[in-house]
Amino acid sequence: MTASGNCPTGTTEERELPFSFTPQLFHLHKDHELFEDGDIHRHMYLQDLYVSGADDEPALSVSEFACHISGCSAVFSALEEYEHHYNSLHRHVCCSCRRSLPSARLLDIHIQEWHDSLFTVLAQRQDMYQCLVEGCGQKFRTSKHRKDHLIRIHKYPPDFRFDKTKKDRGTREAKRPQQKDTAMEVADDVCESEGVCEVMCDVLSEQRELGETMETLVEEEAARMTKPAATMEHTDLSAAFDGNGCTSSETFKTQYSYRVPTTVCFGHSSVRGFRGRRGRRK
Amino acid sequence: CNRCMAIKTTAIKKINILCKFNDVRKEHIISLRQARRDRQLVSKRLLLTEDEEQREVTMDTASGQQDLVDLLCKVQHSGPERGTHLKALSKALRDPSEQLTFIKQENSVNLLVSLLTGSNAQCRLHAARCLHELSHSPHTNVAPACLPATPYLLTFLSGQSTKFTELCLYTLGNLFPDSDVVKDKLLAQGIIPALANCIENQKHNLAVVEAAAFSLTQLLQAKDAAEKIIPKVLASSLPSQLLSVLNPDPNFGLAPAIECAWCLHYLACSSDGNGELLALGALSHCSSLLMSLGGAVAEGNKEEGMELLVCPLLRCVGNLVSCCPVDSLSTQVGDVRLVAALCAFIKAYLHTQPALARESAWVLNNLTAHSTDFCSALLTLNLVPGLIQLLPFSQGINTMILRVLANVAHKKKESCLQLAQLGLLSTLCATLKMADQEMVTLSLEILFMLVIGRPQVADEFVRLSGVSLLEAIQYNSEGEMRRRAAYLLEHHLLSHSADCTV
């Protein structure tokens, strides 16, 4: 056991420990519910109704998995489904505005274009808007130029869901609790440039947004995931689908709110949440 | 037809119509569960007639039905035919509505009592049979009507033919639960000493022992048993008698042992019972029996109905262990390899009778909660990997097993590395994602125990992508979960400088 100057002392830590497991003895009275099935068997035996091997009791079942995110009520019967759900919806989340992006790269681009004031400044002078297609490498002066590029060169649909402008996000933005970090707030306020569209996971946003939200992607994911039985909430967005063949009624939307300090974030490392300050910290 | 009923009690086979219709059976079981939850479940037992024992019968009694009142009249008149009519009467009394009709007739029970105590042996037997049919009635007002017979039934518990004694015993056991008036009368008339004497004097007669033990189970389940009945039973010779009959006779079968085990279970449930039972060596006795049963089960020798004996034995051991002082636990149980038997039960009954697997896991928890010996046994007997494989299964099985593993980690800190390496760490990555909050909380607790002071375990957890898992938990709606996850991240997983090991 070593203690350095950086550490709180052992006793302080013990007092603060949130762990409380102690082994417990259970003495059960005869009417305890744990004994119910065995008592039924006993009764059937006495009444000459017993059949060894009859499935009189509920069949063995396997525990379900559930998404931890508060407000997300997704439940899964297999671990892979959980992983898929989490990685699709909760992994790449912007800590500033809590939008969920489908990949690390799009998250990076989003943070850069929406929350980095340095980006805003630089974008006035040079081509900063990256093409969304990985490997393309081209950069553009405005997000409109990038969008044209995406449509013309990469054959993207004109209503590609991940290329919405920041202005389109609606008045819902004001409802979000703002970051305590003033640097971030400034970035939000002054950044009027058009940026990478991201998708929101929010019931409200769906009502106010102009249509394309991540729900579509989520529903595609959900359609793939819900082949085994999983309880998901319903949405009437299925009508908004075009051409992706998803007619499953088992779509869902997630809705969650964060109740922990915004300094903690998802992602591979917690540093991601502070991307916006990248320029300043150095 | 694998839904046909077969029951082996003293070589009796009987087909019951009820079982052929699965829906009826399921409905019936639902109503039984509700009755139990209301603490109204009464289990009576019907002894079959000799005719029924020898051939298969159906429940249909429509053939040869005679008018009950008419039969009663015939019985009232003495004569050589009396026995025949009495036998016919007993057949008629199998029907619940006829039972009600019977007790409404004036002096009907008194007539039976006089025949029961009369000079004709055949009539005594038939009269006892009539009373037995009445005692099995689903109508609770029938039992009080039979009260005039009880002092005689008790007297006859010694010195009669086996069949007669059996009838009396089952009749008394059936009558007992139906009303408080009956209970009080029977207790006052000395049913407890009568049962004790009966078992003691007829120990070699296993059919009688089985019947007496069954009756005792009826007494022990009474609502006020703790005050009125259990102290008297504990003071008598009954507990030691029951223990001495506990081992199944290879010829006679499991049935007497089953009844004795259930008596012991009801005694062990009560707070007074444990001390007395422990003093008699009940824990050692039940444990060694469980071990031999566990050995049989592990080898695949599952005698039909074995679970009917395993169940009450598990409960005895579970409850006795919870009241046994820790320092004498190993000697009281006798053999730490009991844990292997328990794991064998879990494995054998997991799919066919999950409740039995759950009860076995409960016993494991009680054994490992405070005893280093039993925790060590789980490790040295290499039972941990098998337990880890049970963690997907719900309905209380995985939570109990996780508790057992937590007990081991808690009790034997030096085993934590081994537990992690045996697969517990990687399994926690799955259990931390379960919907069951208790599973997640226990998982976090175990993770803490594994990781603390062991940076290599922390490293491995990080390699298993555990960090993002804990980060997700920080968004859980339960504060308790968030705090635990945050603590682990902060002190053990993200700050890897190892300066903060405690």
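Every chain is numbered from 1, with letters handed out A, B, ... down the list of sequences. All values below come from the heavy atoms of this structure, side chains included, with hydrogens, waters and symmetry mates left out.
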So, do A:Met44 and B:His28 sit near enough that their side-chain heavy atoms are less than 4.5 Å apart?
yes
Chain A heavy atoms under 4.5 Å from B:Leu350: which part of the residue, side chain, backbone, both or neither?
both
In terms of heavy-atom proximity below 4.5 Å to chain A, should B:Thr217 be classed as side chain, backbone, both, or neither?
side chain
With distance as the sole test, does B:Ser43 use its side chain to make a donor-acceptor pair with the main-chain N or O of A:Leu46 at under 3.5 Å?
no
B:Pro392 side chain reached by A:Ser63 side chain, heavy atoms, under 4.5 Å:
no
Side chains of B:Gln353 and A:His41: do they bring a donor and an acceptor to under 3.5 Å?
yes
For the pair A:Gln47 (side chain) and B:Lys44 (backbone), establish whether a donor and an acceptor sit closer than 3.5 Å, ignoring hydrogens and angles.
yes
Below 4.5 Å from any heavy atom of chain A, which atoms of B:Phe393 appear? Answer side chain, backbone, both or neither.
both
Quick check: closest heavy atoms across A:Lys30 and B:Leu220, and the distance to 0.1 Å?
CE-O, 4.3 Å
Heavy-atom check, side chain of B:Leu32 versus side chain of A:Asp39, under 4.5 Å
no
Under a 4.5 Å heavy-atom cutoff, which of B:Glu478, B:His410, B:Met481, B:His351 has the most pairs with chain A?
B:His410
Quick one: does B:Arg403's side chain get under 4.5 Å of A:Phe26's, heavy atoms only?
yes
Pick one of side chain, backbone, both or neither for B:Asn366, based on which atoms fall under 4.5 Å of a heavy atom in chain A.
both
What closest approach, in Å, do B:Pro354 and A:Leu60 show between heavy atoms, and which atom pair accounts for it?
CG-N, 3.8 Å
Salt-bridge present (B:Arg36, A:Asp31; N to O < 4.0 Å)
no
Heavy-atom distance under 4.5 Å between the side chains of B:Asn319 and A:His29, does that happen here?
no
Does the ring center of A:Phe19 lie less than 6.0 Å from the ring center of B:Tyr487?
yes
Between B:Val440 and chain A, which part of the residue has a heavy atom less than 4.5 Å away: side chain, backbone, both or neither?
side chain
If you round to the nearest 0.5 Å, how far is CD1 of B:Ile452 from CG of A:Leu17?
6.5 Å
Interface check, chain A: of B:Leu356, B:Asn365, B:Asp436, most non-hydrogen pairs under 4.5 Å belong to B:Asn365
Is it true that A:Asp48 and B:Arg45 have a side-chain N and a carboxylate O under 4.0 angstrom from each other?
no
Answer yes or no: is there a side-chain heavy-atom contact under 4.5 Å between B:Leu308 and A:Arg42?
no
Salt bridge or not between B:Lys433 and A:Glu64? Use side-chain N to carboxylate O under 4.0 Å.
no
Could you have a look at B:Lys411, B:His370, B:Met439, B:Arg33 and say which one has the most heavy-atom pairs with chain A under 4.5 angstrom?
B:Arg33
Using every non-hydrogen atom in the two residues, find where B:Cys269 and A:His27 come nearest and quote the distance to one decimal.
O-CE1, 3.0 Å
Contact check, side chains of A:Leu28 and B:Trp362, non-hydrogen atoms, under 4.5 Å:
yes
B:Arg39, part contacting chain A, at a heavy-atom distance under 4.5 Å:
side chain
Note: B:Arg37-A:Glu36 ion pair, threshold 4.0 Å (strictly below):
yes
Given that the side chain runs from C-beta out, which part of A:Leu79 has a heavy atom under 4.5 Å from chain B: side chain, backbone, both or neither?
side chain
Rounding to 0.5 Å, atoms CZ (B:Arg482) and OG (A:Ser70) come to a distance of 7.5 Å
For B:Met449, is it the side chain, the backbone, both, or neither that has a heavy atom closer than 4.5 Å to a heavy atom of chain A?
side chain
Please look at B:Leu41 and chain A and tell me whether the side chain, the backbone, both or neither of the residue comes under 4.5 angstrom of a heavy atom of that chain.
side chain
Measure across B:Arg483 and A:Pro18 and return the closest heavy-atom pair with its distance rounded to 0.1 Å.
O-CG, 3.8 Å
Considering only heavy atoms, which portion of B:Ala268 lies under 4.5 Å from any heavy atom of chain A: side chain, backbone, both, or neither?
backbone
For A:Ser20 versus B:Arg484, what's the shortest heavy-atom pair and its separation?
OG-NH2, 3.3 Å
Under 4.5 Å from a heavy atom of chain A, the part of B:Leu320 involved
neither
Is the A:Phe35-B:His265 ring centre distance short of 6.0 angstrom?
yes
